[in-house]
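Quick one: the structure is below, questions incoming.
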Amino acid sequence: MKKEHIILFLCTTVILTGCAGYEKQRSQDDQQMFTLEFNDIVQVNDGQNNESVSAEDRQNDTNSAALDGDNEENTVAAEPSEHSSQEPADNPQKNGTAMDLYAGFLKNEVPVNVASDYPQNDCFVYNLEPGKSYTFTTLGDYVNMRYLNPEHSEKISYDYAQYVYLDSPDSSKKNLLVKFSGLGIYAPDDDSYAVYVITEDQGQLYLTDSYECWARSGTKACKNGLFSSDGSSGAGAHYTGIMALLGSGKLTDIYNAEILTGWWASSVSNETIFDEVFAGNEEIIFSVMVYIIGEKNLYMYDLSECTDDQISVCETYLNRCHDEMGIEWVTQETVEEAVKERCSLLGIDYNAMEQMEEAEWNEI
């Protein structure tokens, strides 16, 4: 009977790979059916992950010693689970520590359940559905299907996978992050990647959040569970920010800042005001910063690159933004106070942002 299950899993995986190439040409009803079939495949694999590990998966055993070496004490919590309203399938290592379970997932021995509040995106053809279970291998299969569309890419698989354990800035818990690289999100061979967050709760593993990075964006994961992000949406439009990975396994922003230089600063008002003020002075270099901190939007400006004559023109624009658009300009001190309040609300030490040592990813 076990052999029949293994054959069923291998056959359905082949069918899945063949279907991905023409998925866009089917009707919406067919797409929904295809997604259901994929989830069924995942569920079959979850029920027998110890018996159906492929030859490729068994190669991961060479990393077993390194993974087991990370087994720090992290006692299973006794509180009610916040990730699922029902008890997941039995876990063969349910009584192990969180680090045991994380290592088991990386070795294809322990499945992970998609949390009930895992973010969904209407723009995606495939989402990780709450309540479904994945092994490391089937999560990789999902990544291939999600990102490597045969109509736009000749690749059929991600290049490599890595993992890292991060502390939580608001608790004593650790979370596991798994990265799949080589996805060509922005352009072929741009080394873009997707990262999935896995957390332990009551002896079960849950997929709780994710993020992706590509050629025009970057996110640096730090050992203390904070992340610095930056990117660009144009020559004069850049963004930066810091987010935290909480003990719950959820990523949350501490702050985001959009830096708009020259003409791009017109977006804080309207092009009419900007054109009337800067007609013939388009080369003036000044910046406007828009900070998003919790529920607050704070506006700053920087005239340090302007001459005295240019400052006068910029001040005219800033005053019109205030008078006609209702924008309140604030100081750096005001922004810092808002960030401190945000950290306090999240249970994070404000000084942790000065101790952001980049984490080192490990090969799987």
Side-chain angles (χ1 to χ4, degrees), residues 119 121 123 185-187 190 192 211-222 226-244 251-346 348 350 353-354 356:
N121 191 323
C123 297
I185 297 174
Y186 182 74
D190 67 355
S192 54
Y211 65 90
E212 60 186 35
C213 295
W214 39 288
R216 302 188 68 143
S217 69
T219 297
K220 180 178 72 174
C222 298
L226 298 185
F227 298 73
S228 62
S229 301
D230 56 65
S232 170
S233 56
H238 303 271
Y239 64 85
T240 185
I242 294 179
M243 63 181 178
L251 291 162
T252 186
D253 292 323
I254 295 178
Y255 75 84
N256 281 311
E258 190 174 16
I259 305 168
L260 306 166
T261 303
W263 175 85
W264 278 266
S266 63
S267 63
V268 301
S269 59
N270 59 56
E271 290 191 29
T272 299
I273 295 176
F274 188 89
D275 290 342
E276 289 177 357
V277 173
F278 290 101
N281 296 287
E282 289 81 2
E283 300 303 319
I284 293 178
I285 302 300
F286 80 106
S287 297
V288 168
M289 289 77 75
V290 183
Y291 285 85
I292 302 174
I293 308 172
E295 301 297 323
K296 297 180 179 179
N297 284 10
L298 301 179
Y299 298 83
M300 284 181 56
Y301 58 83
D302 179 9
L303 306 181
S304 61
E305 299 296 322
C306 298
T307 65
D308 292 341
D309 291 339
Q310 292 174 341
I311 288 176
S312 176
V313 176
C314 292
E315 288 177 340
T316 298
Y317 176 68
L318 298 172
N319 290 335
R320 289 191 62 176
C321 287
H322 174 272
D323 298 339
E324 300 175 35
M325 305 299 298
I327 293 177
E328 297 290 340
W329 302 104
V330 303
T331 64
Q332 183 65 42
E333 289 75 15
T334 301
V335 171
E336 290 177 0
E337 285 302 315
V339 173
K340 288 180 180 179
E341 291 177 7
R342 176 67 173 165
C343 287
S344 178
L345 180 64
L346 296 173
I348 297 172
Y350 173 77
M353 290 187 293
E354 297 182 357
M356 295 176 61

Inset, instruction - With the side chain counted from C-beta on, respond yes when Val335 and Tyr255 share a heavy-atom pair under 4.5 Å apart, and no when they do not. - result: no
Legend entry - Tyr186-Ser217 side chain donor-acceptor pair, cut-off 3.5 Å: no
Legend entry - Distance (rounded to the nearest 0.5 Å) between Glu305 CD and Ile311 CD1: 10.5 Å
Legend entry - Heavy-atom check, side chain of Asn270 versus side chain of Met325, under 4.5 Å: yes
Inset, instruction - Anything under 30° is parallel, anything over 60° is perpendicular, the rest tilted; go ahead and classify Trp329 against Tyr301. - result: perpendicular
Inset, instruction - Work out which heavy atom in Glu271 is nearest to a heavy atom in Ser266; give both atom names and the distance. - result: CG-OG, 4.2 Å
Legend entry - Atom of Val268, atom of Cys321 and distance for their closest heavy-atom approach: CG2-SG, 4.2 Å
Inset, instruction - Quick one: do Tyr299 and Leu318 satisfy side chain to side chain contact (heavy atoms under 4.5 Å, CB included)? Show the steps, please. - result: CA-CA 11 Å; Tyr299 298 83; Leu318 298 172; over 6 Å; no
Legend entry - Beyond-backbone contact of Asp190 with Trp214, side-chain heavy atoms, under 4.5 angstrom: yes
Inset, instruction - Would you indicate whether the side-chain heavy atoms of Phe278 and Cys314 approach each other to under 4.5 Å? - result: yes
Inset, instruction - Can you measure from CE (Met243) to CG (Asp253) and round to the nearest 0.5 angstrom? - result: 7.0 Å
Legend entry - Heavy-atom pair of closest approach, residues Ile285 and Cys306: O-SG, 3.1 Å
Inset, instruction - With sequence neighbours excluded, give me every salt bridge (charged side-chain N to carboxylate O under 4.0 Å, His left out) pair touching residues 312-335. - result: Glu276-Arg320, Arg320-Glu324
Legend entry - Parallel, tilted or perpendicular: rings of Phe274 and Phe286 (30°, 60°): parallel
Inset, instruction - Kindly say whether Asp308 contributes a backbone atom to a donor-acceptor pair with the side chain of Ser312 at under 3.5 angstrom? - result: no
Legend entry - Distance-only side-chain donor-acceptor flag, Thr307 / Asp309, under 3.5 Å: no
Inset, instruction - Please tell me if the side chains of Asn281 and Gln310 come closer than 4.5 Å, counting only heavy atoms from C-beta onward. - result: no
Legend entry - From Thr334 atom OG1 to Ile293 atom CD1, the distance as rounded to the nearest 0.5 Å: 9.5 Å
Inset, instruction - Count the heavy atoms of every other residue, nucleotide or ligand shown that sit under 6.0 Å from CD of Glu283, and state whether that count exceeds 12. - result: no
Legend entry - Residue pair Cys343 / Ile254, side-chain heavy-atom distance below 4.5 Å: yes
Legend entry - Within-4.5 Å side-chain heavy-atom neighbours: Lys296 and Tyr291: no
Legend entry - From CD (Glu258) to OG1 (Thr240), nearest 0.5 Å: 12.0 Å
Legend entry - Smallest separation among heavy atoms of Val288 and Ala265, with atom names: CG2-CB, 3.9 Å
Inset, instruction - Verify side chain to side chain contact (heavy atoms under 4.5 Å, CB included) between Ser269 and Tyr317, making sure each step is shown before the conclusion. - result: CA-CA 9 Å; Ser269 59; Tyr317 176 68; 2.7 Å; yes
Legend entry - Option among Ile292, Thr331, Val339, Val330 that satisfies the side-chain contact (heavy atoms from CB on, under 4.5 Å) test with Leu298: Val330
Inset, instruction - Rounded to the nearest 0.5 Å, what's the gap from CE on Met289 to NE2 on His238? Could you check? - result: 13.0 Å
Legend entry - Interatomic spacing from CD1 in Ile273 to CG in Asn319 - rounded to 0.5 Å: 11.5 Å
Legend entry - Smallest separation among heavy atoms of Ala237 and Trp264, with atom names: CB-CD1, 3.6 Å
